[in-house]
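A quick write-up on the structure given underneath.
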Amino acid sequence: MCGIVGYIGSSEKKEILINGLKELEYRGYDSAGIAVLCSDELKTFRAVGKICNLENKCSDFLSKGFGVGIGHTRWATHGKPTETNAHPQIAEFSNIVHNGIIENYQEIKKDLEQKGHSFLSQTDTEVVVRLFEESLKHTEDGLEAFKQTIQSLKGAYAILLISVKYPGRIFYAKNGSPLVIGKGDDGVYFGSSDACVMGYVNKVVYLEDGDMGYMDVDSFESLKNIRSLEKNKAFAQKDGFRYFMEKEIYEQHKVLLETMMGRVNEEGVVLESIPEDFLEGINELTICACGTSYHAAMSGKYLLERIAKIRTNVLMASEFRYANPVMKKSELFIVISQSGETADTLEALKLAKENRLKTLAICNVDNSSIVRESDAVILTRAGIEKGVASTKAFATQMMVLWIFGVYIATQKNLLDKEGFQKQFKSMVRAIKATEVDPKLHERLKRLSKRYLHGHGFFFIGRDVFYPLALEGALKLKEISYLHAEGYPSGEMKHGPIALADSLLFTIALVPQHLLSEKIKSNVEELSARDSTICVISSQEVQAADDMVYINPAQDYMEEFFSMMVALQLLALEVAIKLGNDVDMPRNLAKSVTVE
Ligand code: F6R
């Protein structure tokens, strides 16, 4: 999704802006641009495609001396990904960058056209910069003109605006899209997330909805809620792996330990972020999420109902919002989100709050919109996830749901000491099972070349392994662009089996410790229809054409986490063989801040 950066100071602005944009590349984009205002000269550069195209365009440009600059990566919503539609959007003497969607832009545009403005782009953003300049016809006060502009907007936005009339200032506004301001030794920085100001600033402010104003080089200290930022930038680098996604698959066993740390030990579960009486009056859970986070919710339902004996509903956020859902006060509304900025999930959360439900966020990004909006939070602690296809975030979401299930079970006295110990030991083994076995990776590398050309994939499993099958299919389609669907294996004969033939590849999840025989029969049904079958299991399955062996396990959750890694690696290796950009797959964005 779009990304924003900004800078006020005397360092080389072009470099800072472009480096900041590179940090946001992982969110997905189709054009990029920067504008620099230095010595009363405003220069704008924009390019379609990757940031290197933008770098080529401004290779001869230097921006020494004091000045301001803004930059943007655009993921097209209104208007095609062309240079004219790229940001910064341009008016007579001002430039703007914007994330989000201005819902009433048509009305404003019409009004401005009647007043003599003509528009260059098809974007909703251009109306904002032109409206600002129109407002300046009635007041000399730049802040007043900006305020009036922002007050006329409906929709979601994070905005940075610079103007030749007010050199040295960046006007900013936030509503519904994330925006961060930071202060470093050499100036003031802006970004859509702290990832792009990390390493430059030591103090940061996460703006709230409704915040707006302007910054000059001296005004940072006047902001409220200044926090220190001590994150280590090296953490976000690739560490010698080919792709961020690969690195993130390999680090799952480490981040899962972080997820558990201080929360579960041999003695019990402590969730400090959950107030003591939080579950009072709660007898049902509703989990709402999108994409991979939704799959975690689906698997979580099986765990929560099995371990904590609590009825759990799982809903897709985009469907929930407009369905006039019936909500009960006795239900805890849980949202799961890696980014904490997914528009549908955020709006679902707001709806639940309007209906006075208690809310809990399971989220990877502290201070994100979803975290700030929720009554309580359990952070997943996966660290920055840069690969667009989510891997370690899913693993940690699953672990949090499991921990939460055990937490509820202990609160309800459903687990005796032995029962708790069993869960604890199983968690520890599950984490160990995510350590990538080089032999497994090698096997999948070799096998992947046999799975490049069919007419599609079925991923099948039962119980917790059904949502895992959905997730395996999603991983594959996201980065390989091959058609893949996940199914509960028992559903095959109710329709999907009609597609079975030798060019239909079936990836079957066959655990040893849960419904093993039932899944094997489903595999045999597919094999009898000549589907090419790859089984992921610790035991040989006769009907399989190919076997991917995971290590023998003591219980089904250990198998779940092992199979998760195998599925992630399979998708990775197929996509690499097909020559795709694994970390930035086509048409996708890391943080989906529009509905
Ligand atoms: C898939 C993926 C997406 C996200 C979805 C929700 O690999 O990453 O399906 O899971 O867009 O995003 P979050 O979890 O940030 O709310």
Side-chain angles (χ1 to χ4, degrees), residues 1 24-28 75 193 195 235-236 238 241 243-256 258-259 287-300 314 316-318 335-346 361-366 368 370-371 378-401 434 436 459 467-481 484 486 560-561 563-572 574-575 580-593:
M1 206 93 324
L24 293 171
E25 263 192 307
Y26 70 96
R27 294 157 70 99
W75 190 73
S193 82
F235 193 60
K238 271 188 226 166
F241 287 99
Y243 292 96
F244 280 111
M245 181 183 172
E246 185 178 30
K247 173 182 168 258
E248 286 158 7
I249 294 170
Y250 269 76
E251 67 194 17
Q252 291 181 112
H253 66 287
K254 290 191 208 141
V255 296
L256 282 167
E258 293 280 333
T259 309
I287 316 182
C288 199
C290 301
T292 288
S293 300
Y294 173 72
H295 296 154
M298 284 177 78
S299 282
V314 178
M316 217 173 247
S318 55
V335 284
I336 306 182
S337 174
Q338 186 287 125
S339 61
E341 303 296 347
T342 302
D344 285 320
T345 312
L346 179 59
I362 295 176
C363 189
N364 196 35
V365 181
D366 198 3
S368 58
I370 284 177
V371 164
I378 308 178
L379 291 173
T380 45
R381 303 181 184 160
I384 294 174
E385 187 179 66
K386 285 208 160 190
V388 164
S390 187
T391 52
K392 61 176 181 167
F394 173 75
T396 56
Q397 289 166 348
M398 279 309 302
M399 184 52 75
V400 165
L401 287 164
T434 62
V436 177
F459 284 68
L468 185 61
L470 289 173
E471 176 58 10
L474 181 66
K475 286 295 81 92
L476 186 74
K477 69 183 126 188
E478 280 181 298
I479 58 175
S480 71
Y481 319 139
F560 178 97
F561 278 89
M563 288 185 192
M564 173 193 78
V565 173
L567 291 170
Q568 293 165 341
L569 290 172
L570 175 69
L572 175 86
V574 169
N580 297 344
D581 185 343
V582 168
D583 285 334
M584 275 177 275
R586 71 183 185 200
N587 304 340
L588 296 179
K590 184 69 186 161
S591 169
V592 186
T593 50

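As a basis for the values below, the full set of heavy atoms in this structure was taken, side chains included, without hydrogen atoms, waters or symmetry mates. Since we're looking at a predicted model, the values are computed, not measured. Numbers here are sequence positions counted from 1.
- For E248, the salt bridge (charged side-chain N to carboxylate O under 4.0 Å, His left out) criterion is met by no residue, not counting sequence neighbours.
- Taken to the nearest 0.5 Å, the CZ atom of F459 stands 13.0 Å off from the CE atom of M563.
- Of all non-hydrogen atoms in A484 and A473, the two that sit nearest each other are CB-O, 3.7 Å.
- Checking side-chain atoms of E246 against main-chain N and O of F241 turns up no donor-acceptor pair under 3.5 Å.
- When side chains are defined from C-beta on, R381 does not count as touching V255, because their heavy atoms never get closer than 4.5 Å.
- Contact annotation: the side chain of T434 approaches that of M564 to within less than 4.5 Å [non-hydrogen atoms, C-beta and beyond].
- Between S390 atom OG and Q568 atom CD the span is 8.5 Å, to the nearest 0.5 Å.
- With salt bridges taken as basic N to acidic carboxylate O contacts below 4.0 Å, one links K475 and E471.
- With contacts defined as side-chain heavy-atom distances shorter than 4.5 Å, the pair P585/Y481 qualifies.
- With contacts defined as side-chain heavy-atom distances shorter than 4.5 Å, the pair V388/F244 does not qualify.
- By the 4.5 Å heavy-atom criterion applied to side chains, I362 and V335 are not counted as neighbours.
- Atoms CE and CG, on M245 and L572 in that order, are 5.5 Å from each other to the nearest 0.5 Å.
- Annotation for L468 and F560: closest pair CD2-O, 3.6 Å, computed over non-hydrogen atoms.
- Partners of A296 by side chain to side chain contact (heavy atoms under 4.5 Å, CB included), not counting sequence neighbours, listed by chain and number: F394, Q397, M398, L401.
- With rounding to the nearest 0.5 Å, the separation of OG1 in T345 from CE in M316 is 10.5 Å.
- Contact detail for I370 and A361: the closest heavy-atom pair is CG2-CB, 3.8 Å.
- For the residue pair Q252/T391, the side-chain donor-acceptor check at 3.5 Å is not satisfied.
- Nearest approach of A575 to I479, heavy atoms of both residues: CB-O, 3.3 Å.
- S368 and S339 get closest at one heavy-atom pair: CB-O, 3.5 Å.
- Between atom CG of residue N364 and atom OG1 of residue T259 there is a gap of 8.5 Å, rounded to the nearest 0.5 Å.
- There is no side-chain donor-acceptor pair under 3.5 Å between K392 and T380.
- Among all heavy-atom pairs drawn from G387 and D583, the shortest one is CA-OD1, 3.8 Å.
- Residues that satisfy the side chain to side chain contact (heavy atoms under 4.5 Å, CB included) test with A297, not counting sequence neighbours, are I287, V314, I336.
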